[in-house]
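Everything numeric in this text was worked out from a predicted model, so none of it was measured. Naming: A, B, ... by sequence-line order, numbering from 1 per chain.
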Amino acid sequence: MNTFKQPNWLDPAPFLEGVERINTLNSRIPTGPLEQKWEKHKGEIKLVNPANKRLIDIIIVGSGLAGSSAAASLAEMGYNVKVFCFQDSPRRAHSIAAQGGINAAKNYQNDGDSTYRLFYDTVKGGDYRSREANVYRLAEVSGSIIDQCVAQGVPFAREYGGLLDNRSFGGVQVSRTFYAKGQTGQQLLLGAYSALSRQISKGKIELLNRHEMMDVVVIDGKARGIIARNLVTGEIQRHGAHAVVLCTGGYGNVFYLSTNAMGSNSSAAWKAHKRGAYFGNPNFVQIHPTCIPVSGHYQSKLTLMSESLRNDGRIWVPKNLDDAQAIRNGELSPNDLEENQRDYYLERRYPAFGNLVPRDVASRAAKERCDEGYGVNKTGQAVFLDFASAIERYGKTEASTRNLKSPTKSQIIELGKAVVKSKYGNLFDMYQQITADNPYETPMKIYPAIHYSMGGIWVDYNLMTTIPGLYAAGEANFSDHGANRLGASALMQGLADGYFVLPYTIGDYLADEIRTGQISTDTIEFEQAENQVKATLDKLINTNGDIPVDDFHRRLGLIMWEYCGMSRNEKGLKKAIILIKKLRDEFYSNLYVPGDVNDFNPELEKAYRVADFLELGELMCIDALNRKESCGGHFREESQTDEGEALRDDDNYTYVSAWEYRGDPSDPKLHKELLKYDNIEVKQRSYK
Amino acid sequence: MQFTLKVWRQKSQSSKGAIETYHLSDISEDMSFLEMFDVLNDKLIRDKKDPIAFDHDCREGICGMCSMFINGEAHGPGRNVTTCQLHMRSFKDGDTIYVEPWRSSAFPIVKDLTVDRSAFDRIIQSGGYVSVNTSGATQDANAIPIPKEDADSAFDAATCIGCGACVATCKNSSAMLFVSAKVSQLSLLPQGQTEANNRVQRMVNQMDAEGFGNCTNTGACEVECPKGISLTNIARMNREFMKSSVG
Amino acid sequence: MALSGLFLCLFLVGHLLGNLQLFVSGQQGADNFNLYAKFMTTNPIVKVLSYLTYFSIIFHMVDGLILTIQNRRARPKKYVIEKGKANSSWASRNMALLGTILLVFIATHMQNFWYVMHFGEISHYEIKGQNVKDLHHVVMSFFTPTSNSYAAFMVGFYVLSMLALAYHLHHGFVSAFQSLGLNHIKYNKIIEIVGAGFSVVVPLLFASIPLYVFIKHYL
């Protein structure tokens, strides 16, 4: 089997340089002008007639925004759909936790928004590493998403006139974000879940909750089904279908600590990768600057504080190292420091954008200050997000609207606090609940945390992976956000894929499947896949070492965060690859999984997922090592300007890295999809 | 901090369960309740014992998966919090803490503290939706203005996370708060009007078929609901139900 | 449940207004009360209302029984620790218990007076050409220690039963409006205040009658 030569990662040059700079992947982008591609493509796509749709089975893995919306739409069209989710209900998918909002080029505010502008902002925000045609299509269908959701009864925020309200988000100059307080993701997901539920009641969708996809089954080069495990009974099942759609979200949990849910995992994507689906830009992960810092080694998860806070909060650390030290030791309160003793480093470094620089920039700047010793919590890994001046500013405005003549300082503060409460009350409460600090009185402490993965399974314009019949939608695919995602765009992409893209494009493939007949699961391929799954589970449970799976996961997370996190360099990445391999070896020799294979066994579920993280982590480092430029969330220390800003290398890296699995996680093959920008001028981002 | 935990252990739905006692020390007051359970499970696994099964996922209070009945209250002593957002500083050093699963015949126990809440899904499937297909040609989102107060009330009802604390805490295991939240949301919006009568009838019937108890208006659900869903929704559903029974 | 409960609340008001005549002393008071009692037992409209009341009581009881059985079945396995007082009033959690006490009370009460009036041997006399039963005397002697050796015990039982009624009403009154969907931010407060007032005033006045009769003997 393993006849190929193990590459020497300490000297990657021969392997990496050997790849020719040509398009080795066909992304099947329709010809014609950008703004006509999608319409034209829809017109040319092959259709499946209604009677034949009844003969076609589709499996959807995952029930988040992309999964639920795709399942509902495909079932409405007449296909037979099976939906799998590992949680107890499809409504638990982590889309539910998205806070801020969803973008759409509706131009309701008449501030000059347009499909092109949304397209432009997204490509620029992604640091020119996303595919033009996909992003344009996303912008094109964004308006329909809002229409669809309102029709479903999603209670978006409204103005007093009864029309929809908008807010603005980082990195753009228009107000195009629709929202439902700080729970937009929840409301959108429940909308999609209700559409899904409707089709379940009609018998068009079979829901398999507490079921996890264990592997994809490929027959004659086509995806023909999956192996699933009933998480309650442990039963291993075969499910055949004419097409399989992965809507399994992102892989931020490779870092152990992230804003993802505890169960979010990469296993479905990784198993697909191992069966032949290329993995696109695995190293592109987004680090969100405003999260509640780690409080101890027991920490299981990090909580996001919405980006909207940066509209009013000012970020700072003490100017003097001694003050920082005193604050860390609890000898000094931040409120004791005078203005001139504080370093508002974002305002200092980026006067034009100030505290509202994009996420990647804000995150790196925080890390830079903490690395220099200015961190403000016990661990030295936190900066202040201060609302004092916002409270004062709002207080003054409020006092003047209320015609208060010469209000006292404390009156102003009281009025200001009330305004801040009305805007961010639920976030402040959540912060206080978690930290026991009152953010109205003392500044919040925040630190960046892993939030979203722009990378994912490589897909073509039809959202099909390199395995025919296997699709990937939502965060699971790599397609639309390039190297950095803009706020409020994840929800947009998930629903665009599920409601308006996949239901059309999947027909192109399925039109040739109408004569296939039902997919038999009684084949050698299904049997082999099932046996492989069983063997893997047996191996995990029979290792019988001493260390619980969380321990390995935590250690993997530390390696990833240290060497493949906010800033990366060649030496560190190479070290990480060695460390991960070592950890993987230890995992398979000293893991302890209690319980039984044929039982409800959450530890076994975790072990199955962490086994995959241990391989994906390495691929991320390999990818980061290969990409010697800095772009978006990927900051290579070797590639920066004199002022320490990220420096892209468009000549050499304007491509998507799509990695092919060749039997050994340490030996992937790089394929390139060269990116062309015909409708947008490629510029170096600047927020100075 | 130190705690004595009295946790309900039950191998499977059919087996008989019992309370077991565990002692934990070195617990930080900054830990969430579930992180304290992580510590306990880590200890159990290292001692080659069966860890405690409990449901959890997002750990930021929105997915609705965590579900522990702590010291006689759903999601513990805090108000407007889920178990995952409950922190150990809410307890006193040395406390004895009882942890039990949601108890309702409609929520059978899967294992230990994990229960099966698919009854909620089936209630939504019976009518908790607006019957509109996906289409790129629905009318423009701003075609029907909706008064802000109605939109806000609908939103407040729609913030239900489906955790089941209302059922767990109700002495009758009634699901009225959950069902009424969905009925309210859709009855407050013009989009939901056309099928309002059918919806409330079907959802209430399904709720009864699942074996939930009856609402006797104790109001406990509203107090324990982590999202503060109001009892007003139940009254609204009762109104809708009577209207639909007559009309 | 709600409808029968609210109807019974109306009955309570009617019943109370009639009974308050017992506070009027002298022969005039006795005559009025006895005439009133005669009217109540013979007027066809009152007859219909009384059957409606019997029906309501039975319906309220049977419905309550069914609900209680269903509710117990909905949670076959109880919690080891349950802290109801953290989230609900004692009355709201014990309506069945309170209802049972009231049922016992109603049965006793009807045996004490209704049965005696219809089937017992009571002296008759004439007022303005009408032959009336001297029910006034029955009531007075029932709660007077010299004519009824159990009077003190009965007074205590009646007073405690009215306490149960107070708790039952305290939850039941407001609850009925909630069940009927008559709940609105604007009126909730009013319903609550009226409910609280009703649940205190009505049982208090009822309870004051036997107490008054009992104490009057010692004055």
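- Looking at A/Ile434, both its backbone and its side chain come within 4.5 Å of chain B, counting heavy atoms on both sides.
- Between B/Glu60 and A/Thr303, the side chains place no donor N or O within less than 3.5 Å of an acceptor N or O (distance only, hydrogens not considered).
- For residues 136-146 of chain B, a heavy-atom distance under 4.5 Å to chain A picks out B/Gly136, B/Thr138, B/Gln139, B/Asp140, B/Ala141, B/Asn142, B/Ile144, B/Pro145, B/Ile146, given by residue number.
- A cation-pi contact, defined as under 6.0 Å to the ring centre and within 45° of the axis, is absent between A/Lys181 and B/Phe155.
- For the pair B/Asp112 and A/Phe600, the minimum side-chain heavy-atom distance is 4.5 Å or more.
- Here the side chain of A/Glu76 pairs a donor or acceptor atom with the backbone of B/Thr134 at under 3.5 angstrom.
- Only the backbone of A/Phe156 comes within contact range of chain B, judged by heavy atoms closer than 4.5 Å.
- Counting heavy-atom pairs closer than 4.5 Å to chain A, the top-ranked of the candidates B/Met31, B/Gln185, B/Lys111 is B/Met31.
- Between chain B and the options A/Leu207, A/Val549, A/Asn260, A/Leu163, the largest number of non-hydrogen pairs under 4.5 Å is found for A/Leu163.
- Contacts of B/Thr159 with chain A are made by both backbone and side-chain atoms, with heavy-atom separations under 4.5 Å.
- Contacts with chain B (heavy atom to heavy atom, under 4.5 Å) involve these residues of residues 145-153 of chain A, listed by number: A/Ile146, A/Asp147, A/Gln148, A/Val150, A/Ala151, A/Gln152, A/Gly153.
- Contact annotation for A/Gln187: only side-chain heavy atoms (C-beta onward) come within less than 4.5 Å of a heavy atom of chain B.
- Closest approach of B/Phe120 and A/Tyr193 over heavy atoms only: O-OH, 4.4 Å.
- When heavy atoms are compared at a cutoff of 4.5 Å, B/Ser153 does not approach chain A at all.
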*Walk me through it: do A/His94 and B/Cys63 pass the test side-chain contact (heavy atoms from CB on, under 4.5 Å)?*
CA-CA 7 Å; A/His94 200 52; B/Cys63 77; 5.9 Å; no
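- Using modelled atom types and a 3.5 Å distance limit, the side chains of B/Asp30 and A/Tyr298 yield no donor-acceptor pair.
- Only the side chain of A/Ser295 has a heavy atom closer than 4.5 Å to any heavy atom of chain B.
- For the pair B/Lys148 and A/Tyr160, the cation-pi test (distance below 6.0 Å, angle within 45°) is passed.
- Inspection of the B/Arg117 and A/Ser89 side chains reveals no N or O donor paired with an N or O acceptor under 3.5 Å.
- Using a 4.5 Å cut-off between heavy atoms, B/Val81 touches chain A through its side chain atoms alone.
- Atom-to-atom distance recorded for B/Thr114:OG1 and A/Leu231:CG is 11.5 Å, nearest 0.5 angstrom.
- A salt bridge (Lys or Arg N to Asp or Glu O under 4.0 Å) with A/Arg210 holds for exactly one of B/Asp116, B/Asp121, B/Asp55; it is B/Asp55.
- Proximity to chain B involves both the backbone and the side chain of A/Tyr592, based on heavy atoms less than 4.5 angstrom apart.
- Counting heavy-atom pairs closer than 4.5 Å to chain A, the top-ranked of the candidates B/Ala151, B/Cys160, B/Ser131, B/Ser126 is B/Ser131.
- Only the side chain of B/Glu35 comes within less than 4.5 Å of a heavy atom in chain A; its backbone stays farther off.
- Only the backbone of A/Thr435 comes within less than 4.5 Å of a heavy atom of chain B; no side-chain atom from C-beta onward does.
- In this structure, the side chain to side chain donor-acceptor pair (under 3.5 Å) partners of A/Ser258, at least two apart in sequence or on a different chain, are A/Asn253.
- For CG of B/Asp26, the number of neighbouring non-hydrogen atoms (other residues, nucleotides, ligands) closer than 6.0 Å is 12 at most.
- Side-chain contact check for B/Arg46 versus A/Asp551: some heavy-atom pair is nearer than 4.5 Å.
- The CD atom of A/Glu603 sits 3.5 Å away from atom CD1 of B/Ile45, with the distance rounded to the nearest 0.5 Å.
- In this structure, B/Ile124 CD1 and A/Ser201 OG are separated by 11.5 Å, a value rounded to the nearest 0.5 Å.
- If you tally non-hydrogen atom pairs under 4.5 Å between each of A/Gly595, A/Ser144, A/Pro548 and chain B, the highest count goes to A/Pro548.
- Looking at A/Asp165, neither its backbone nor its side chain comes within 4.5 Å of chain B, counting heavy atoms on both sides.
- In terms of heavy-atom pairs under 4.5 angstrom with chain A, the leader among B/Asn133, B/Val115, B/Leu189, B/Asp150 is B/Asn133.
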*Dump the intermediate steps for side-chain contact (heavy atoms from CB on, under 4.5 Å) on B/Met65 and A/Gln87, then the final yes or no.*
CA-CA 8 Å; B/Met65 197 139 169; A/Gln87 300 95 335; 3.9 Å; yes
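- Contacts of B/Asp38 with chain A are made by side-chain atoms alone, with heavy-atom separations under 4.5 Å and no backbone atom involved.
- Both the backbone and the side chain of B/Arg59 come within less than 4.5 Å of a heavy atom of chain A.
- Looking only at heavy-atom pairs under 4.5 Å with chain A, the residue among B/Pro147, B/Gly64, B/Ser32 that has the most is B/Gly64.
- For B/Lys48, the NZ atom counts as densely surrounded, since its 6.0 Å shell holds more than 12 non-hydrogen atoms of other residues, nucleotides or ligands.
- Looking at A/Asp550, there are no atoms closer than 4.5 Å to chain B (heavy atoms on both sides), in backbone or side chain.
- Between A/Arg554 and B/Asp42, none of the side-chain N atoms (NZ, or NE/NH1/NH2) sits under 4.0 Å from a carboxylate O, so this pair counts as no salt bridge.
- Using a 4.0 Å cut-off between charged side-chain N and carboxylate O, B/Asp152 and A/Arg158 make no salt bridge.
- By the side chain to side chain contact (heavy atoms under 4.5 Å, CB included) test, A/Lys378 pairs with no residue at all, sequence neighbours left out.
- With rounding to the nearest 0.5 Å, the separation of CZ in B/Arg89 from CD in A/Gln433 is 7.5 Å.
- Ranked by heavy-atom pairs under 4.5 Å with chain B, the list A/Ser69, A/Ala436, A/Ala195 is led by A/Ala436.
- Your options are B/Ser12, B/Ser28, B/Gly192, and the one with the most heavy-atom pairs under 4.5 Å with chain A is B/Ser28.
- For A/Pro594, the part lying near chain B is the side chain, with the backbone staying farther off; criterion is any non-hydrogen pair under 4.5 Å.
- A distance of 16.0 Å separates OH in B/Tyr129 from CG in A/Leu190, rounded to the nearest 0.5 Å.
- Neither the backbone nor the side chain of A/Lys202 has a heavy atom closer than 4.5 Å to any heavy atom of chain B.
- Note that CD of A/Gln99 is 8.5 Å distant from CD1 of B/Ile62, once rounded to the nearest 0.5 Å.
- With a 4.5 angstrom heavy-atom cutoff, B/Asp156 touches chain A only via side-chain atoms.
- If you measure heavy-atom distances from B/Val110 to chain A, the contacts under 4.5 Å come from the side chain alone.
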